[in-house]
Structure formats: structure tokens, C-alpha cells
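Keep in mind it's a predicted model, so treat the numbers as computed, not measured. Quick note on labels: first sequence line is chain A, next is B, and so on, each numbered from 1.
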Protein chains: 2
Amino acid sequence: MIEDLVERLRLLRTPGIGPVTFRQLIMRFGTPANALAAVPDLARRGGGKAPPLRTRDDAEREIARVDRLGGRWLAVGQGLYPRLLAELEDAPPLLIARGNLNLLDRQAVAIVGARNASAAACRFARGLAHDLGQHELVVVSGLARGIDSAAHDGALASGTIGVIAGGIDVFYPPENEERQTALYEQGLVLAEMPPGTEPRARHFPYRNRIIAGMSSGTVVVEAAPRSGSLITARLAAEAGREVMAVPGSPLDPRAQGCNQLIRDGATLVQNAADVIEAIRPFENRVRAVSTTYDQPQEQMNGDDALTLVEELLGPSPVPVDEIIRLSGASSGAVQMALLELDLAGRLDRHAGNKVSLRPA
Amino acid sequence: MIEDLVERLRLLRTPGIGPVTFRQLIMRFGTPANALAAVPDLARRGGGKAPPLRTRDDAEREIARVDRLGGRWLAVGQGLYPRLLAELEDAPPLLIARGNLNLLDRQAVAIVGARNASAAACRFARGLAHDLGQHELVVVSGLARGIDSAAHDGALASGTIGVIAGGIDVFYPPENEERQTALYEQGLVLAEMPPGTEPRARHFPYRNRIIAGMSSGTVVVEAAPRSGSLITARLAAEAGREVMAVPGSPLDPRAQGCNQLIRDGATLVQNAADVIEAIRPFENRVRAVSTTYDQPQEQMNGDDALTLVEELLGPSPVPVDEIIRLSGASSGAVQMALLELDLAGRLDRHAGNKVSLRPA
């Protein structure tokens, strides 16, 4: 198990290997060790040079550091790793957790919203989180200011999970140190990035996919148009989860994001009962067996597929399904060719399972 | 034409003849005069005594009175009678109008809401009505306090229609006399009841069906649960029209009715553009030719159907369609039998096209 973790971590922390590539490699080669061994050849076949693999020492150092911090590792598809999160195409291959791991075994609902929310909205979020907690639901949020903080506070006694954009040992925003510490002790904190990572703007959408992905549904409370909360809502919708929003008066500019979400099809919720009703269909999926991951795929006929796929790709993103259809090759062969191009640093992956050739 | 009006009015004002019975009679006998002549026999066949028909004098007196008040008559399916309203099963056979009749030739939207609405909601309603008016839409409401008054005020310059529960010459609520007078002069007022009628509680749902029925859609602004505005919304939905609601914070009890409407499927609207988008599908139906009304139906085989229908009826309301199916008789024959029972005072008609035998 620890050996498997070392190999997983080496693979995951290798530059250029994101969650999707990681998944593809494991699906193709069965184990992290086999995948690691194959990466250099794959990259060369894709027309690039081999990426600098992370060493065993690097991985062991990170594992020891997490250990000292009181963190635990969660590997996708194994143990307490959230089942719904594992369904995402780009599920984090590894998560670092600190706190009460039992919370991962309960159905989760995300509550997110504006950092500069009104006092009334924060009070509402706190009350909603509290009431959901009374129904055995775990409240997930992002430990940000405003609505996130209120949601964690409301559910602190019953169970709440904070997903952070930086390392498991980094407090952000700084004034939330006390709250984050409370979550280590009474709740749970999850991080995808290595310890010590200071969160940057690009980390937040990744963090948001975890919040949306591990939850049966996401409730948005007061969100400005084009805000991070709406990104979380979109990610929840893309993952097939329930998107819920708390309405507000059209005269209140802070209500615009939520009202628009409802116009776009989100469920209007006014209280915990509304939320519970909306997420009921997910009840059984939370504890259902995880989706197929770590399943080696059929063998495929390399070179021809690679040439074919390369010819079909250009600088504009196209759906992988279209490449498969146009190439006439098997899905496995196309995925393999894409993997080779990816590892060679010649592929860009985009939302909606689209890919493009990276401009030279 | 005036002769036709006299007969229509005699028939309509005869006790026990409501809009549905009126429609059935005209469909069966072609003209009001023929229907009037048939009523006594029909009632006797139904097992009751003939209702006291209104006299020619009664009708002419009412017509003269409306004339003195500056009112005009609108007969269903004719002239400027609102086309969408004529589609209702229980469309008012006659309406009395006072004001600018040209407003009837434009697409209409209803704005309704609480009498004790917040100042903010009234301001919103006034602004929305104004903005809809800038897009050639006529704003329909009920001349009540609160939202109704605000809606009329906002659209006074561009075009607004007030539908009142009492007679065309009765000011209700009294403090709205000035506003109602302004509508006589710059807008339009519609009444179903005879002049001089003081509005009573039972009149308001009838008034609401006219508001909902003549409009492409109904916008509800702040409504308490179980309020008249929600009845109007339900009637709009039953008539297949667009139901729209303005959301509010769950912390504001006055927003509960609208938020629940949205949960139940109403379109969330925040401004005139949202309303215009929602009612666009009705644009062409407003000026389309009216539905079939005043079309005499096929002849039918009286006595057997009457006996059969009577046996099938009981004190519990059943759908007319079910009576038709169970009886095996033609739809026309069943309708005729129901008409006879109705005129004999032995039938009750219920919402959803259901009927029951009146307990003796």
C-alpha cells in the first residue's frame, strides 16, 4: 500500500501529468509502477522528450511531511475516497486529508457563495448548514470568507469538510486560521496540492471541482455574476449533480447570480427541506460501488493510430469522441495516441473532453 | 346587433345560467334567441321548473344604463373581445368596457401581487409595468391596493387595463376612485357584473380569471401563500399561459408565495426583458382567429342520453369526459343532457370540467 502510494505520487507529481493523463495511464497500464516505466517511451513516441519523472526520494519526502502534519492520503477509487468525486473524468488521483475521516462516509452537500455576502445571507447560510447537519448531511465548502465561513460554522458540530486550494498546512485567507484549525479538530480539511503550496488564482477552479464533485448537490447563496461560486455550480451541473440556488430580490444586485442560475434551471431552495428533497436521488449513489477506474484496457495497434490522430488534430479543440469517430480507430487506440502526445507535451486538454495540438 | 345584445343579456342574466351553460346553449342552439326559447323546455326535461327568464325590459334598462355610463359591450368571439380570453371554457359571454378600446388590440401581460406589498416591491412593479409599456405591451391588473395599483400607475401612459370585480361604475377600494377614473380616461376598465354591483368575496376569483385569461402571461410580484394572486397564477397556468414570478429572499416572508411558484415551475423574471422573452410564443395567438364558439352542433337523441347521464351522476364531481366515455353516447348528447339538468337547477359545475348532481 505504501509502495503503491510512492509510485502514485511519483507519477502524479511528474510535470505535465494532470488528473486526466494520470487516469488514462492507470487505465492503460494497470498500476502506477507500470505507468511510470512506460512514460518515457510514450513521450518519445509522441514526438517529445521524456518528462523529468519525480524520484522515489521526492515522493517519500512528501509522504513523511504529510505524516508529520497529521495528514492522511486518499487514493481515487480506494477506501474512503469520496465515491461521487471518483466519477469525475478529472478526479484528483490523490487527496490529502486532515481531521475526522468518518465524515467522508456520509452524504455531502456543498454550500458556496460570495466572499462579500450580506450579513443576512451569511446568517441564512449558517442556519441552512446547521439544519442540513441535523439531517446527517455533511456540509462541504471552500473555507473562504463570507458564505463559505458561515456554512462551516453552522455545521461545525454536525460535520463539515473544507476543501482548500493550497497545501494542507497553509492557512488561507490568513484570518481563517482559527476556523481551519477548528476543522482539523472537529471537521475535515482536504487538499489536492502538496504541503506548503500557497494558493494561486489558477488553483481555485481545481478546488471548486472537488467541492462540487464530492457533493450530491451544490447550494449557491448570494453570488455575483461571473464569480467562482457560479463556476462551482457549473462544475456541479457538468458532473450531473443537483444545482440549487437561494433566490433574492431583483432589486438586490447580490442576488443576480443566483436568480440567473434559477432561470438557467437550478432548483430554487429556501430551506433545508428543499435541499434534502432535491438531493434525495443521490442517496444511494453515495455508497454505491465506485466507477471503473484502474481497469487495464484492451491492447491496441500503436503507430497507425498515432499518425492518424496527429493528422486529425489541430490548434482548435475538438471532442475526443469526434477524433475516435473520424479516425475509425478503437477508442482505446485513440486514447493511447492522445496519451503519447500529452506526455510529449504536444497536447492540450480542454473542458468537455476536448483536445487540441499545442502550437509549437 | 343591438337585438342580438338584448337576447344575449336576457339569457346571461337569467338565474342559474353561468358562462359555461351560456356557451353550451349557444353551441347547441346557434343564437341567443333560439337558446332563450329552448330554456323552459330543457329545464322541464331535466326535471326542474323553468328558470325565470330575464325580460326584454330588464335587458334594455341595463343596456341604457351602461350607455349613460359611457360603457361599451364586448361579446365573446366578436369584435374587440380579447381573443385569448375567448379560449377559456368559462369566458365571460359579455364584458362591459369603459375607456380606450384600442388597448384590446395589443398583446397583454398581467401584473398582480399583494395588496400590502413592500414599498420596494411596489416600486419594482411600477418600473416593470413602465418598461413593458415601452415595448407596446398592455399591462392588465385588478385595480386593487399595492402591486395592482403600482402596475397601473407605471403603465398609465403606455396602456393599462383594470379588471374590476364589481360593476363598471363602482369604485373599489374607495381610495382608488382617482386611479379608476384615470383608467376610464387614459386606460380601460372592464367589468363582468352589471352596473351598480358592489364587489363581494366570491366575485374576485371570477375577476381573476379574466385578468389571467386575457393576458399572454401573468407576473406575480410579492404574494402571500394562499393569496388571490396565486389563484390568478393558477388560472393562468390552467389556461396554458405563461406564469412568471419575481423572486425574493427566503428571509422575507412576503417572498414565499413567489418563490414557491418558481419551485412549482413558474418562470423567474427579474425585468421586462425576461417577461418579453417568456411571452414571445403568444405573440401570434393574440391576433389569431378566435376559437370555435357560436357553432351549432349536430342534432342528438334526447331522452335516452338524459336518463343515462342522470344515472351516471352522483353527488361527487366527475369529469364530463368520463360521463361521455361511460355513457357511450355522443359528446353532444351528453352535453345536452347536462345542459337540461343544469337549467333544471339539478347540476353543479366544478373546476376542471367536472359535474355533480346537486343534492335535493
Side-chain angles (χ1 to χ4, degrees), chain A residues 111 113-114 117-132 147 150-151 154 217 219-225 242-280, chain B residues 111 113-114 117-132 147 150-151 154 217 219-225 242-280:
Chain A
I111 299 180
S118 67
C122 288
R123 185 157 47 90
F124 178 86
R126 191 161 51 241
L128 179 66
H130 173 270
D131 295 348
L132 291 171
I147 298 296
V219 181
V220 185
V221 185
E222 254 189 25
E242 190 66 26
V243 180
M244 295 159 278
V246 179
S249 163
L251 298 169
D252 180 355
R254 282 177 292 206
Q256 282 177 12
C258 283
N259 286 347
Q260 187 59 43
L261 270 182
I262 295 166
R263 279 180 60 79
D264 293 344
T267 301
L268 184 156
V269 293
Q270 297 193 88
N271 48 47
D274 290 348
V275 174
I276 290 163
E277 180 190 333
I279 62 168
R280 186 160 297 142
Chain B
I111 299 180
S118 67
C122 288
R123 185 156 47 90
F124 178 86
R126 191 161 50 240
L128 180 65
H130 173 270
D131 295 349
L132 291 171
I147 298 296
V219 181
V220 185
V221 185
E222 255 188 24
E242 190 67 26
V243 180
M244 295 160 278
V246 179
S249 164
L251 297 170
D252 180 355
R254 282 177 292 207
Q256 282 178 12
C258 282
N259 287 348
Q260 188 58 43
L261 271 182
I262 295 166
R263 278 180 60 79
D264 293 344
T267 300
L268 184 157
V269 292
Q270 298 193 87
N271 49 47
D274 290 347
V275 174
I276 290 163
E277 181 191 333
I279 62 167
R280 186 160 298 139

What's the separation between atom OG1 in A:Thr267 and atom CZ in B:Arg263, rounded to the nearest 0.5 Å?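 Reported to 0.5 Å precision, the distance equals 7.5 Å.
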Is B:Asp274 in contact with chain A via its backbone, its side chain, both, or neither, using a 4.5 Å heavy-atom distance?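 For B:Asp274, heavy atoms of backbone and side chain both lie under 4.5 Å from chain A.
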Please look at B:Gln256 and chain A and tell me whether the side chain, the backbone, both or neither of the residue comes under 4.5 angstrom of a heavy atom of that chain.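 When you check distances to chain A, atoms from both the backbone and side chain of B:Gln256 fall under 4.5 Å.
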Close side-chain approach of B:Pro247 and A:Pro250, heavy atoms under 4.5 Å: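 A side-chain contact exists here, since the closest heavy-atom pair is under 4.5 Å.
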Using side-chain heavy atoms (C-beta onward) and a distance below 4.5 Å, is A:Gln260 in contact with B:Leu268?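 A side-chain contact is absent here, since even the closest heavy-atom pair is not under 4.5 Å.
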Looking at B:Asn259 and A:Gln270, what are the two nearest heavy atoms and their distance?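 In this case the closest contact between B:Asn259 and A:Gln270 is ND2-OE1, 2.9 Å.
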